[in-house]
**Q** 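Dropping a structure here in structure tokens format, bear with me for questions.
Atom set for the values below is all heavy atoms of this structure, side chains included, hydrogens, waters and symmetry mates excluded. Keep in mind it's a predicted model, so treat the numbers as computed, not measured. Below, chain A is the first sequence line, B the second, and so on; all start at residue 1.
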There are 2 protein chains.
Amino acid sequence: MESMRQPLRLVGLLFSAVLLAGCQLLTESPTDPRELRGTGDLGLIIERASGSVLVVDTTEKTVLERVEGLGNLSHASVVYSRDGRYGYVFGRDGGLTKVDLLTGSIDRRIVQAGNSIGGAISQDGEYLAVSNYEPGGVKVFDSGSLEQVASIPAHYEGEDGETHRSKTVGLVDAPGNRFVFSLFDAGEIWILDMSHDEPRVVRREAGDKPYDALITGQGRWYIAGLYGEDGLSLLDLWNPDEGVRHILSDYGRNDERRPVYKMPHLEGWAIAGDRAFVPAVGAHKVLEISMEDWAPEGRIPVQGQPVFVMASPDHRQIWVSFAHPDNDVVQVIDSRTSEVIRTLEPGEAVLHMEFSPRGEEVWISARDSNRVTVYDTGTLEKITTLEAKKPSGIFFTSRAHRLGL
Amino acid sequence: MESMRQPLRLVGLLFSAVLLAGCQLLTESPTDPRELRGTGDLGLIIERASGSVLVVDTTEKTVLERVEGLGNLSHASVVYSRDGRYGYVFGRDGGLTKVDLLTGSIDRRIVQAGNSIGGAISQDGEYLAVSNYEPGGVKVFDSGSLEQVASIPAHYEGEDGETHRSKTVGLVDAPGNRFVFSLFDAGEIWILDMSHDEPRVVRREAGDKPYDALITGQGRWYIAGLYGEDGLSLLDLWNPDEGVRHILSDYGRNDERRPVYKMPHLEGWAIAGDRAFVPAVGAHKVLEISMEDWAPEGRIPVQGQPVFVMASPDHRQIWVSFAHPDNDVVQVIDSRTSEVIRTLEPGEAVLHMEFSPRGEEVWISARDSNRVTVYDTGTLEKITTLEAKKPSGIFFTSRAHRLGL
């Protein structure tokens, strides 16, 4: 029997090795399925300088993976597939990257234009649209394969009588499988309807040089900021035939013209109940605006020039981040009293914030401190920090279920 | 060497067996993880008569699994873990079942009371609360283990000077890790705060016999329907010290008292913009109510007694289901014009509806036709049907990310 001892011991060792290898294949290989888990509490954090994103878990408040090779991620934004598994990252260099949050890897990646700014996913999750500067227009892709399904050049007739292509900006999704965007050079708003066999476009005048836009939470109101004149353009998507209305005529007035990149992003508007909270242009104020008649209702003094103004999901708090050089601070406004109730210091170069879906926490990037801080919105105390390389935008998968994000 | 041949061949067979077993363990066993997939497009359909639920995929519009053994599922409701993986099914018999949507199996199940009605999950996803008739009160459980963490008996002093326990109804979650519920026998609203080391309760008067309640989308207004008097009780959770306000004094008037189970569920109220759309009690009308001053604004004629009135996520349509005998029809109201624009016939005994998270579709159960019909909300045409055994409530995982559901 002695002769069998060694082989059997060897067998035992090999058994263990095979079992381990078999399990590792399924649990650790970067290209194969990993641990089975829900996707509702996942998110991506943009690491701008290194062209990477972090996959994060908002329940455990941990980083799960770093995914690299996404190109130029300045001003990058993310939308999600309707199952929450895939994040689509729109880069500044025309890159469109489909990231698998479950495996922590790039599923697909294309470079679809030379210079682009933002994207959106259709109501039904079928289509991705990307807004391009160069060549000016919008391209539409299949969200599964990333194959192009439509190209909408932003043609317009210039003062010279020739046909030109405009830069496109302020692209959002709207109900009815539509996308809405603005033509900076043409001064128009276009509604692209993807619910028929062929794409259909409706064009509306938009005022002088729309530079950015937002859509309200239920997808009714599209508001474009204007670089060429004061005020904003409002389009009622329930009644697009009525054309745009000029609102907030004083908005943008009172200081020297600034280059486009200094104008506040309109995605930084907060809507809470029947009021919008809006960064003032060039002033240390947050403006309060009635959503009923779009009239200014108040001006809330804050410690710097606000950039992002965000309402907590319960609409009870308004969180504000600021432009350089006052950008190491975040202020919290009580929406009932319109007063600043807390000033927080999450680190150096703070800009982007994201609320957990039901609002118990907010995550804040401090780019030059290389960290993300998680705050309890009830106590306004810090819960934890996560390390990240020059973090900027934070995007949670709950966005998959919301219109206009 | 001959002596080693057999063992080595055996080793080869065993190797294969172990490898297969190892892989199957991770991929095919019904109690173990299956295919890796996102959970954002999943949902559960209650099969009331058979004590089962269907796991459905809202992208493919298919049934993935039937999970059985959930007890009495009349009036059953579902909330979700924050990752969307687990559905918690609250049964009428006090059963609380944690269903794993990824494996299509029961993860845990307890019977926590003799007779219960509805439940909720805390803002942070840590706690489940269940509203019990017998014994009257609310119990709170850990959402991971289903272990009990608190029991709140609904004690009150009766007219006889003795301490009694009240039935509890209208349980919802609210911001700040709170639960709010009503005491039918005591005529009170209680706010249970789970954000401290020990549960804290605040009690408020509620009017005569609150029988059901709702909370508005941002978790500010708690509205209880009253069985013992006309009108409703409104509690502002931003200012609970102000106590309840009596609103809509005519609500419930104009017909004979009905048993509690015939009163409209308040979860069947729709809120769209600054208006609520509400089933009239005992009349073929949907009431339109201003959310600003809670005043009636209009009465929309419909084809039967409405039970559930639901706003599409874009607030542009109001879908209405009806009480017996007019319950083979659903009507769609245009929220702009307040007129019925379509009458659909999804089958026999239609009651429950659920919109896809971004509203491109609505799923409708027809209990006595044993099917669920999916409609396109744009064309109002049928997309497909799914077979189900006596289907009732439909609950999608996107509820994980919303307050008060």
Side-chain angles (χ1 to χ4, degrees), chain A residues 3-4 7-8 10-11 14-15 18-19 22-23 25-27 33-42 58-59 80-86 101-103 123-125 175-177 195 218-220 238 272-274 292 313-316 336 356-361 378 397-398 400-403, chain B residues 3-4 7-8 10-11 14-15 18-19 22-23 26-27 33-42 58-59 80-86 101-103 123-125 175-177 195 218-220 238 272-274 292 312-316 336 356-361 378 397-398 400-403:
Chain A
S3 63
M4 283 181 69
L8 278 184
L10 188 66
V11 168
L14 284 169
F15 261 47
V18 167
L19 197 53
C23 291
L25 189 71
L26 289 171
T27 57
R34 310 239 176 145
E35 188 192 350
L36 205 66
R37 59 161 299 150
T39 48
D41 59 348
L42 297 180
T58 67
T59 302
Y80 286 96
S81 60
R82 67 195 303 287
D83 63 0
R85 175 171 180 174
Y86 300 101
L101 277 72
L102 285 177
T103 61
Q123 184 181 24
D124 66 359
N177 249 27
S195 67
Q218 278 78 39
R220 175 167 183 180
W238 288 15
D274 51 3
E292 201 159 329
D314 67 359
H315 290 187
R316 190 151 166 186
R336 290 178 297 183
S356 60
R358 302 172 98 209
E360 71 278 14
E361 291 162 6
T397 54
S398 51
H401 299 141
R402 293 179 56 192
L403 289 163
Chain B
S3 62
M4 284 182 68
L8 278 184
L10 189 65
V11 168
L14 284 170
F15 260 47
V18 167
L19 196 53
C23 291
L26 289 171
T27 58
R34 309 231 179 151
E35 189 192 349
L36 204 67
R37 60 161 297 149
T39 48
D41 58 349
L42 297 180
T58 68
T59 302
Y80 286 96
S81 60
R82 68 195 301 287
D83 63 359
R85 175 171 182 174
Y86 299 101
L101 277 74
L102 284 178
T103 61
Q123 185 181 24
D124 66 0
N177 250 27
S195 66
Q218 278 78 40
R220 175 168 184 180
W238 288 15
D274 51 3
E292 202 158 327
S312 59
D314 66 359
H315 290 188
R316 190 150 166 188
R336 289 178 296 182
S356 60
R358 303 173 98 207
E360 71 278 15
E361 291 162 7
T397 54
S398 50
H401 299 140
R402 293 179 57 193
L403 289 164

**Q** Is B:Thr58 close to chain A through its backbone or its side chain, or both, or neither, when contacts mean heavy atoms under 4.5 Å?
**A**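 Contact with chain A involves both backbone and side-chain atoms of B:Thr58.
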**Q** Which heavy atom of B:Leu102 sits nearest to which heavy atom of A:Gly38, and what is that distance?
**A**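 Reported closest heavy-atom pair: CD1-N, 4.1 Å.
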**Q** If you round to the nearest 0.5 Å, how far is CZ of A:Arg220 from NE2 of B:His315?
**A**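 Those atoms lie 11.5 Å apart.
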**Q** Rounded to the nearest 0.5 Å, what separation is found between the OG1 atom of A:Thr39 and the CG atom of B:Asp41?
**A**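 Reported to 0.5 Å precision, the distance equals 8.0 Å.
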**Q** Measuring from A:Ser398:OG to B:Arg82:CZ, what's the distance to the nearest 0.5 Å?
**A**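 Those atoms lie 9.0 Å apart.
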**Q** Among B:Pro313, B:Ser195, B:Gly219, which residue forms the greatest number of heavy-atom pairs with chain A at distances under 4.5 Å?
**A**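 Ranked by heavy-atom pairs under 4.5 Å with chain A, first place is B:Pro313.
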**Q** Atom CZ of residue position A:Arg37 - does it have more than 12 heavy atoms of other residues, nucleotides or ligands inside 6.0 Å?
**A**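 More than 12 heavy atoms, drawn from other residues, nucleotides or ligands, come within 6.0 Å of this atom.
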**Q** With chain B as the partner, which of A:Glu360, A:Arg336, A:Glu292 has the greatest number of non-hydrogen pairs under 4.5 Å?
**A**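 Between A:Glu360, A:Arg336, A:Glu292, the count favours A:Glu360.
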**Q** Report the option among B:His401, B:Glu361, B:Arg358, B:Gln218 that has the most heavy-atom pairs separated by less than 4.5 Å from atoms of chain A.
**A**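 Of the candidates given, the most pairs with chain A belong to B:Arg358.
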**Q** At what distance, to the nearest 0.5 angstrom, does CG of A:Leu36 lie from CZ of B:Arg85?
**A**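 One finds 4.5 Å between CG of A:Leu36 and CZ of B:Arg85.
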**Q** Between A:Pro175, A:Gly273, A:Ala272, which residue shows the highest count of heavy-atom pairs closer than 4.5 Å to chain B?
**A**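 Highest number of pairs under 4.5 Å: A:Pro175.
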**Q** Mind checking the CG-CG spacing from B:Asp274 to A:Asp274? Nearest 0.5 Å is all I need.
**A**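 Spacing of CG (B:Asp274) from CG (A:Asp274) equals 8.5 Å.
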